[in-house]
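Structure provided below as C-alpha cells; questions to follow.
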Amino acid sequence: MSTLELRGFGWRHAGRKAWAVRGVDLRVEHGERVLLLGPSGAGKSTLLAAAAGLLPQDSGEQEGHVTVDGRDARAARDRVGIVFQDPQTQLVMARAGDDVAFGLENRGVPPAEIWPRVDAALTRVGFPYGRDRHTGALSGGEQQRLALAGVLALAPGLLLLDEPTANLDPAGAAQVREVLATLDTTVVLVEHRVADVVPLVDRVVVLSPGGGVVADGVPETVFAEHGAALAAQGVWVPGVAPSQRRAGRAPGEVALSGQGLTRRHPGADRAALSGVDVEVRRGEVLAVLGANGSGKSTLALLLGGLLRPTGGRVVAAADPAVPPHRWRAATLARRIGSVFQNPEHQFVTNRVRDELALGPRRVGRDPVPIVDELLARLRLDRLAAANPYTLSGGEQRRLSVATALATAPEVLVFDEPTFGQDLRTWRELVDLLAELRDAGRAIVTVTHDGDLVDAVADRHVLLSHDPEGFSVLQHGKSFRITEGKPA
C-alpha cells in the first residue's frame with residue numbers, strides 16, 4: 001500500500017486562463033480509502049491524473065508537488081493504477097485477455113503468472129466473456145469492467161478510480177462495489193453515487209472550484225456539518241431527494257418508431273439487437289433500460305439514424321417513406337438530435353463555442369443567439385473558448401447535450417445524458433428534459449440512472465437477453481431501479 005501527498009498542487013491546461021484545480025494540500029495515508037467529492041469542474045479528474053503521474057509537463061502549468069511514497073508521481077507510476085472516467089481511452093489491445101495482460105507484460109511479470117492473474121481479474125469484476133472477446137464489441141459498461149480488471153491485475157499500491165460504476169447497470173455496479181470492499185490497498189475514489197459508496201470509505205475530501213479542500217473528515221461528520229452547503233454547491237450528498245418533473249398532459253402522436261429492429265455489427269458472431277419494436281411519442285420521455293451489453297446504445301444509434309439496421313426499419317413521422325439513416329446530414333440534424341455514450345466522439349472543433357455553432361450553421365440558422373443561450377443554460381459560458389477535450393467529463397457531457405439541442409430537432413436521442421453530473425447540473429438537465437418534453441419534443445434516453453427515470457421518464461422499455469436474442473419488455477410508468485430489476 002502507498003501514501004499519496006499533494007502540497008500546494010495546482011494545474012492549468014495549456015491555453016486556459018482559469019486553473020482546473022489549485023491550492024490543494026492533501027495527504028492520503030497508507031491503506032486509507034478516500035472519497036473525493038466536488039461540483040462538476042472542481043478538478044477531481046485532474047487531481048487523479050496528477051496522482052497517477054499522467055499530466056504531461058508540456059500540456060499545462062503545474063504548481064506545487066505530488067508524491068507517491070515520497071517520490072514524484074511521474075517517477076512512481078509503477079505503484080499506481082488508475083481507471084479513467086472514459087474506459088475506452090485505456091483499452092489498447094484487440095482481445096480482452098490481451099488487454100488485461102498488457103500491463104503485466106510491461107511490468108515484467110513472469111509469463112507463467114500472467115494468465116492466471118488475467119483470469120482471476122476478469123472473474124473478480126464479473127466480466128461476462130472469455131479472454132478472446134474483441135474489445136471493440138464491448139458495451140460501455142463492459143469496457144468499464146475490463147479496464148478495472150486490467151488495473152486490479154497489477155495489484156497497485158495506490159488505486160485511483162474515476163467514477164468506476166458510472167457506465168454500469170445497477171447489478172454490475174453493486175458487484176464492483178463488492179470487489180472494492182475486499183481490496184487491500186490505498187484507494188482514492190471519485191463517484192457521484194455517494195450513498196452507495198460511503199460504506200466503502202473511511203474519509204471524505206471535498207474540493208472547491210475556487211481552489212483547495214473545503215471539507216475533510218469521516219463521512220458522518222462531513223455530511224452532518226457540511227451537507228446542506230455541499231448540496232447547494234452541487235455535491236451529491238446522502239439523503240438528498242431528486243427533483244421530479246412529471247408530464248402535465250398525455251403524449252401526442254408517434255414521432256419515431258422501430259419495427260423489428262435488428263443490428264449485427266460487421267464481423268460479430270451474433271446480433272447486438274434482434275427483433276425490437278419500440279415507439280416514442282411527441283411530448284414523452286421514453287427511458288431505455290437494461291443490463292450492460294443488452295443493446296441499448298445500438299438501439300439509440302439506430303433510432304438516431306446513425307446506424308443502418310440489418311433487419312427491420314426505423315420510421316419517422318417527419319418522412320415515413322425514407323428511413324433516417326438515408327437522410328442527408330443537414331436534414332438529420334434538423335429532425336433528430338443524438339448524444340453519444342462517449343461525448344468526445346462527437347466533437348469536431350477545438351473550441352466549445354465553435355462546437356455549438358456548427359449545427360446551426362449546417363442547417364442555415366444564425367448561430368450567435370443559439371450558442372449564447374445554450375452556453376448560459378448549461379453552465380458552459382466560462383468555457384466558451386476552451387478546447388472541448390480539456391473539459392471535465394461532466395462538462396463534456398453537457399456540451400454534447402447542447403450540440404444536440406442547437407439545431408432544435410423535434411426528436412432527441414440521449415445516451416446517458418446525466419453521466420458525470422453534479423447535483424446542481426443534474427437537476428438542471430432534468431428541468432431541461434422536462435421543458436423539452438412539455439414543448440412537444442419526443443425524447444429517448446438510454447440510462448442506468450434510476451433517479452433520472454424516477455424524475456422525468458413517462459414510460460420505459462427494458463431490454464433483456466434470452467437464448468433467442470434480445471427482446472423488449474414493455475412496462476408502464478417509470479419505476480425505481482433496484483439491482484437491475486423493476487421494484
pair Leu158-Arg79: side-chain heavy atoms closer than 4.5 Å:
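Result no, sub-4.5 Å side-chain heavy-atom pair not found.
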Can you name the nearest heavy-atom pair linking Pro199 to Ala195, along with the distance?
CD-O, 3.6 Å
How long is the gap from OG1 on Thr445 to NZ on Lys296, to the nearest 0.5 Å?
11.5 Å
Would a distance-only check, ignoring hydrogens and angles, find a side-chain to backbone donor-acceptor pair under 3.5 Å from Tyr129 to Leu138?
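Such a contact is absent between Tyr129 side chain and Leu138 backbone.
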Please evaluate residues Val187 and Leu35 with respect to the criterion side-chain contact (heavy atoms from CB on, under 4.5 Å), reporting the C-alpha separation (whole Å), side-chain torsions for both, the decisive distance (0.1 Å), and the verdict.
CA-CA 8 Å; Val187 177; Leu35 173 61; over 6 Å; no
Kindly write out the residues that satisfy side-chain hydrogen bond (donor to acceptor under 3.5 Å, both in side chains) with Thr418, not counting sequence neighbours, or none if the list is empty.
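Only Asp449 meet the side-chain hydrogen bond (donor to acceptor under 3.5 Å, both in side chains) criterion with Thr418.
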Residues which pass ring-ring contact (aromatic ring centres under 6.0 Å, His included) with Phe340, listed by chain and number, not counting sequence neighbours:
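Expected list: none.
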Heavy-atom side-chain proximity of Val278 to Leu286 below 4.5 angstrom:
yes
Taking the side chain as C-beta and beyond, is there a heavy-atom pair between His192 and Asp422 under 4.5 Å?
yes
Not counting sequence neighbours, which residues clear side-chain hydrogen bond (donor to acceptor under 3.5 Å, both in side chains) with Glu32? List them please.
Arg203
Looking only at side chains, do Gln421 and Arg398 share a donor and an acceptor under 3.5 Å apart?
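Yes, side-chain donor-acceptor contact under 3.5 Å.
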Scanning both residues in full, the closest heavy-atom pair of Ala50 with Leu55 reads CB-CD1, 3.5 Å
Minimum-distance pair of heavy atoms, taken over all atoms of Leu332 and Gly304
CD1-O, 3.5 Å
Side chains of Arg379 and Thr425: any donor to acceptor distance under 3.5 Å?
no
Among Leu462, Val461, Leu303, exactly one meets side chain to side chain contact (heavy atoms under 4.5 Å, CB included) together with Val288. Which residue is that?
Val461
Any heavy-atom pair between the side chains of Leu289 and Thr447 that's under 4.5 Å?
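With C-beta onward as the side chain, the pair touches.
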Minimum side-chain heavy-atom gap Arg397-Val401 below 4.5 Å
yes
Say you draw a straight line from CD of Glu163 to CZ of Phe419; how long is it, rounded to the nearest 0.5 Å?
5.0 Å
Evaluate the criterion side-chain contact (heavy atoms from CB on, under 4.5 Å) for residue pair Leu358 and Thr403; output intermediate values, then yes/no.
CA-CA 8 Å; Leu358 190 65; Thr403 60; over 6 Å; no
Keeping the roles fixed (side chain from Asp415, backbone from Val339), state whether a donor-acceptor pair exists under 3.5 Å.
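Between the backbone of Val339 and the side chain of Asp415 there is no qualifying donor-acceptor contact (under 3.5 Å).
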Quick one: does Trp327's side chain have a donor or acceptor within less than 3.5 Å of a partner on Val322's backbone?
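Yes; judged by distance alone, with no hydrogens or angles, the pair exists.
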Validation row: Leu189, Pro164 side chains within 4.5 angstrom (heavy atoms):
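Contact flag for Leu189/Pro164 side chains = yes.
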Dump the intermediate steps for side-chain contact (heavy atoms from CB on, under 4.5 Å) on Trp236 and Asp451, then the final yes or no.
CA-CA 12 Å; Trp236 286 95; Asp451 288 331; 4.2 Å; yes
Taking Thr186 for the side chain and Ser2 for the main chain, is one N or O donor matched with an acceptor at less than 3.5 Å?
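Checking the backbone N and O of Ser2 against the side chain of Thr186, a donor-acceptor pair under 3.5 Å is found.
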Identify the heavy atoms of Ala137 and Glu142 that sit nearest to each other, and give their distance.
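Scanning both residues completely, I find the closest heavy atoms to be O-OE1, 4.3 Å.
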Between Arg441 and Pro409, is there a donor-acceptor pair closer than 3.5 Å when you use the side chain of the first and the backbone of the second?
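Here the side-chain-to-backbone pair exists.
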Does the Thr262 side chain pair with the main chain of Gly275, one donor and one acceptor, at a distance under 3.5 Å?
yes
State, with a plain yes or no, whether a side-chain heavy atom of Leu154 is found less than 4.5 Å away from one of Leu104.
yes
Determine whether a donor-acceptor pair (N or O, by modelled atom type, separation under 3.5 Å) exists between the side chain of Glu284 and the backbone of Ala442.
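Checking the backbone N and O of Ala442 against the side chain of Glu284, no donor-acceptor pair under 3.5 Å is found.
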Would you mind reporting whether Val190 and Ser45 have side-chain heavy atoms less than 4.5 Å apart?
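No, their side chains stay 4.5 Å or more apart.
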Roughly how far, to the nearest 0.5 Å, is NE2 of His325 from CZ of Arg308?
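The CZ atom of Arg308 sits 6.0 Å away from the NE2 atom of His325.
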For Thr182 and Arg124, test the side chains for any donor-to-acceptor distance below 3.5 angstrom and give the result as yes or no.
yes
For Arg107, does the CZ atom sit with more than 12 other heavy atoms under 6.0 Å from it, leaving out its own atoms?
yes
Run the salt bridge (Lys or Arg N to Asp or Glu O under 4.0 Å) check on Lys44 and Asp162 step by step: do they pass?
CA-CA 8 Å; Lys44 302 182 295 296; Asp162 199 348; over 6 Å; no
Arg145 and Asn292: CA distance, side-chain angles, deciding distance, side-chain contact (heavy atoms from CB on, under 4.5 Å) verdict:
CA-CA 10 Å; Arg145 294 191 195 206; Asn292 294 125; 4.2 Å; yes
Using a 3.5 Å distance criterion without hydrogens, assess whether the side chain of Glu416 forms a donor-acceptor pair with backbone atoms of His448.
yes
Would you confirm whether Asp277, through its side chain, and Gly260, through its main-chain N or O, come within 3.5 Å as a donor-acceptor pair?
yes
Please identify each residue that fulfils side-chain hydrogen bond (donor to acceptor under 3.5 Å, both in side chains) with Arg77, with sequence neighbours left out.
none
Could you give the side-chain donor-acceptor pairs of residues 90-98 under 3.5 Å, partners two or more places apart or in another chain?
{"from": "Gln90", "atom 1": "OE1", "to": "Phe84", "atom 2": "N", "distance (Å)": "2.7"}
{"from": "Gln90", "atom 1": "NE2", "to": "Ile82", "atom 2": "O", "distance (Å)": "3.1"}
{"from": "Arg95", "atom 1": "NE", "to": "Asp98", "atom 2": "OD2", "distance (Å)": "2.8"}
{"from": "Arg95", "atom 1": "NH1", "to": "Asp132", "atom 2": "OD1", "distance (Å)": "2.1"}
{"from": "Arg95", "atom 1": "NH2", "to": "Asp98", "atom 2": "OD1", "distance (Å)": "2.9"}
{"from": "Arg95", "atom 1": "NH2", "to": "Asp98", "atom 2": "OD2", "distance (Å)": "3.4"}

How many angstroms lie between atom CG of Leu183 and atom CZ of Arg33, to the nearest 0.5 angstrom?
6.0 Å
Looking at every non-hydrogen atom in both residues, tell me the closest pair between Thr185 and Gly157 and how far apart they are.
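Nearest pair, atom of Thr185 first, then Gly157: OG1-O, 2.8 Å.
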What are the two closest heavy atoms between Ala316 and Pro324, and how far apart are they?
CB-CG, 4.2 Å
About how many Å separate CG of Leu433 and CZ of Phe414, when rounded to the nearest 0.5 Å?
5.5 Å
Would a distance-only check, ignoring hydrogens and angles, find a side-chain to backbone donor-acceptor pair under 3.5 Å from Thr123 to Ala120?
no
Measure the CG-CG distance between Leu159 and Asp184 for me, rounded to the nearest 0.5 Å.
12.0 Å
With sequence neighbours left out, write down each residue that passes side-chain hydrogen bond (donor to acceptor under 3.5 Å, both in side chains) with Arg353, or none if nothing qualifies.
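Per chain and number, Arg353 pairs via side-chain hydrogen bond (donor to acceptor under 3.5 Å, both in side chains) with Asp372.
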